[in-house]
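Below is one structure, written out as structure tokens; the observations come after it.
The model shown is predicted, which means the values in this text are computed figures rather than measured ones.
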Amino acid sequence: MAIWHLHGDGVNVAAGEVVRPDERLTWPRTVGMGMQHVVAMFGATFLVPLITGFPPATTLFFSAIGTFTFLLITGNRLPSYLGSSFAFLAPIAAAKASGMAGGGVNWGAALFGVFCAGALLALVGVVVHFAGAAWIDKAMPPVVTGTIVMLIGFNLAPSAWNNYSAAPVTSTITVVAILLVTVLFKGIIGRLSILIGVIIGYVAALVQDAAGVRVAGHDCAGVAAQVKQIQFCGVKEAAWVGLPPFQHPTISWAMLLLFAPVVLALIAENIGHVKSVALMTGQNYDRVTGRALLSDGIATMFAGLGGGSGTTTYAENIGVMAATRIYSTAVYWVAGATALALSLIPKFGILIATIPPGVLGGAGTVLYGMIGLLGARIWIENRVDFGNSVNLFTAAVALIAGIANFSFFPFDAANPAAGYRIGGITVGAFAAIIIYHVMRWIARRRGTFGDDLTASPASVGREGLEQANPDE
């Protein structure tokens, strides 16, 4: 377990220097940096529960618990904040649509899916810890990993439109605000474009409400009506201090197959995070890779057990580290503590839940597209050759299956009314893996292509930063 010691005078960071994970600045500066990390993750982390219907305060609670878990299991050596993973949006939406999550009321089955995804990721972490990560690169080369990440993002396009069309003016203002903040401001302000865009969209909705504009929706009693975009239902009655609402999973093995593809994206995110931090700090984290995967898996299991969103390492916070050159894990303990404190304010959680669909539609339009294009970035950075037919057909078939949301095989033959079907994310992900390896096996034996398919590692995360060589 790393023990912090003061970096220099604890106040200044000289040009070219970094504050290493086992160092810290003075505690007032460390606390300030920790709070800045909470601001950095805030917008993206809260969008997931707002879109899925999970309680925001509960998600924040398990985000804090997950961050503590990550720091402990990695020996306090790897700086990271665990926020909500967008990879879970599609399977949770599919669970809701199938009716297996109780039509948006009983989320037990979906939470079981989150728990199973965490358990699978933890298992992969154990294997990587003892056997290394080279087998991941062979099982999921760049063309497969990039395709899966891309289809997870683009599969969410209909969800973005559903929210966008609820209040097009508000959604458009949110999108424009995000884009302008990104290019108008440098440093931390530019990196917080999603959060600032959401705030601007929220204010725009308030202005429209005050001007008498109404949209189709439900009032506080749940009755369909023309309502204000922002309704402060329950905010006044909520307590200032208290535990967030917890929910428990209910066993539904159908969820295992539905959520399994998410694990592939989480693996890429986590390994990409480890390699990115290694590049920035100049330290070798190869031996910590398995622990990082195990940590995120356990954190996601905790979330599934209590009603939170699945977690992942956060690119937003890596951006803050890169900008400040402060990689102290002490900062992340402060960030986790701050998030935990906020989650214990019920009034705060309910206020966050008032963010209207129009704002979510605008933010989702940007974020879902970004997730999809991260898959393309994996292809580019790993120089995937689409002149090779195996690569080309692997991506082509899987992407159409995922984006068009192909669905097959009613899972519960005894209860067809349940309507559960294997959806586009699952179909596309498994199609990518199977098509690639089967075509490659046949082509090798027929001598119809060279051996250039797996020249680069598949491990690229949401950060999209240049990565180091794969672990030995």
Side-chain angles (χ1 to χ4, degrees), residues 41-56 58-60 62-63 66 82-98 100-101 104 107 109-118 121 148-164 166 171 174 194 198 247 255 257-266 268-269 296 300 303-304 307-316 352-353 355 357 359-375 402-405 407 422-429 461-462:
M41 67 82 190
F42 194 87
T45 287
F46 268 112
L47 278 178
V48 175
L50 289 173
I51 292 170
T52 60
F54 287 143
T58 308
T59 293
L60 189 60
F62 283 106
S63 173
L82 265 59
S84 302
S85 171
F86 284 87
F88 285 93
L89 289 177
I92 290 174
K96 179 180 179 180
S98 70
M100 296 193 68
W107 288 94
L111 287 174
F112 184 72
V114 172
F115 175 84
C116 288
L121 182 61
I148 292 172
V149 173
M150 182 175 286
L151 65 85
I152 285 175
F154 291 158
N155 178 267
L156 292 165
S159 174
W161 171 245
N162 288 338
N163 282 324
Y164 198 107
S171 297
T174 303
I194 299 293
V198 167
Q247 303 178 69
M255 294 293 103
L257 191 59
L258 185 63
F259 281 77
V262 173
V263 178
L264 305 179
L266 295 178
E269 290 176 1
D296 190 14
T300 297
S309 301
T311 62
T312 190
T313 50
Y314 248 41
E316 288 83 349
I352 292 299
I355 296 177
V359 174
L360 299 180
T365 298
V366 177
L367 285 169
Y368 301 163
M370 288 172 60
I371 294 170
L373 289 176
L374 281 174
I403 294 172
N405 203 28
S407 58
I422 299 172
I425 296 293
T426 304
V427 172
R462 292 172 67 238

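Heavy-atom minimum distance, P357 versus A166: CB-CB, 4.1 Å. P55 and Q247 get closest at one heavy-atom pair: CD-NE2, 3.4 Å. Contact between L151 and G402 at its shortest, heavy atoms only, is CB-CA, 4.3 Å. Between P56 and A353, the shortest heavy-atom distance links the atoms CG-CB, 4.2 Å. Listed here is the closest heavy atom pair of P91 and L258: O-CD2, 3.5 Å.
Distance check: F62 CZ to T300 OG1 gives 11.5 Å after rounding to the nearest 0.5 Å. Rounded to the nearest 0.5 Å, atoms CG (L360) and CG (N163) are 5.5 Å apart. Considering CD1 of I51 and CD1 of I355, their distance stands at 10.0 Å, rounded to 0.5 Å. L50 CG to I352 CD1: the interatomic distance, rounded to the nearest 0.5 Å, is 7.5 Å. Atoms SG and CG, on C116 and L111 in that order, are 11.0 Å from each other to the nearest 0.5 Å.
Judged by distance alone, with hydrogens and angles left aside, the side-chain atoms of T58 form no donor-acceptor pair with the main-chain N or O of G308 at under 3.5 Å. Although no hydrogens or angles enter the test, the distance criterion places a donor-acceptor pair under 3.5 Å between the side chain of S63 and the main chain of L82.
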For the pair S85 and L266, evaluate side chain to side chain contact (heavy atoms under 4.5 Å, CB included) and give the outcome as yes or no after the intermediate values.
CA-CA 8 Å; S85 171; L266 295 178; 3.5 Å; yes
Could you give me the CA-CA distance, side-chain angles and deciding distance for L89 and Y368, then say whether side chain to side chain contact (heavy atoms under 4.5 Å, CB included) is met?
CA-CA 10 Å; L89 289 177; Y368 301 163; 3.5 Å; yes
Run the side chain to side chain contact (heavy atoms under 4.5 Å, CB included) check on T52 and F88 step by step: do they pass?
CA-CA 9 Å; T52 60; F88 285 93; over 6 Å; no
F46 vs L60, test: side chain to side chain contact (heavy atoms under 4.5 Å, CB included). Steps then yes/no.
CA-CA 8 Å; F46 268 112; L60 189 60; 3.8 Å; yes
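When side chains are defined from C-beta on, I403 does not count as touching N155, because their heavy atoms never get closer than 4.5 Å. Considering only heavy atoms from C-beta on, V48 stays 4.5 Å or farther from F54 through its side chain.
For T174, the side chain to side chain donor-acceptor pair (under 3.5 Å) test picks out no residue, with sequence neighbours left out.
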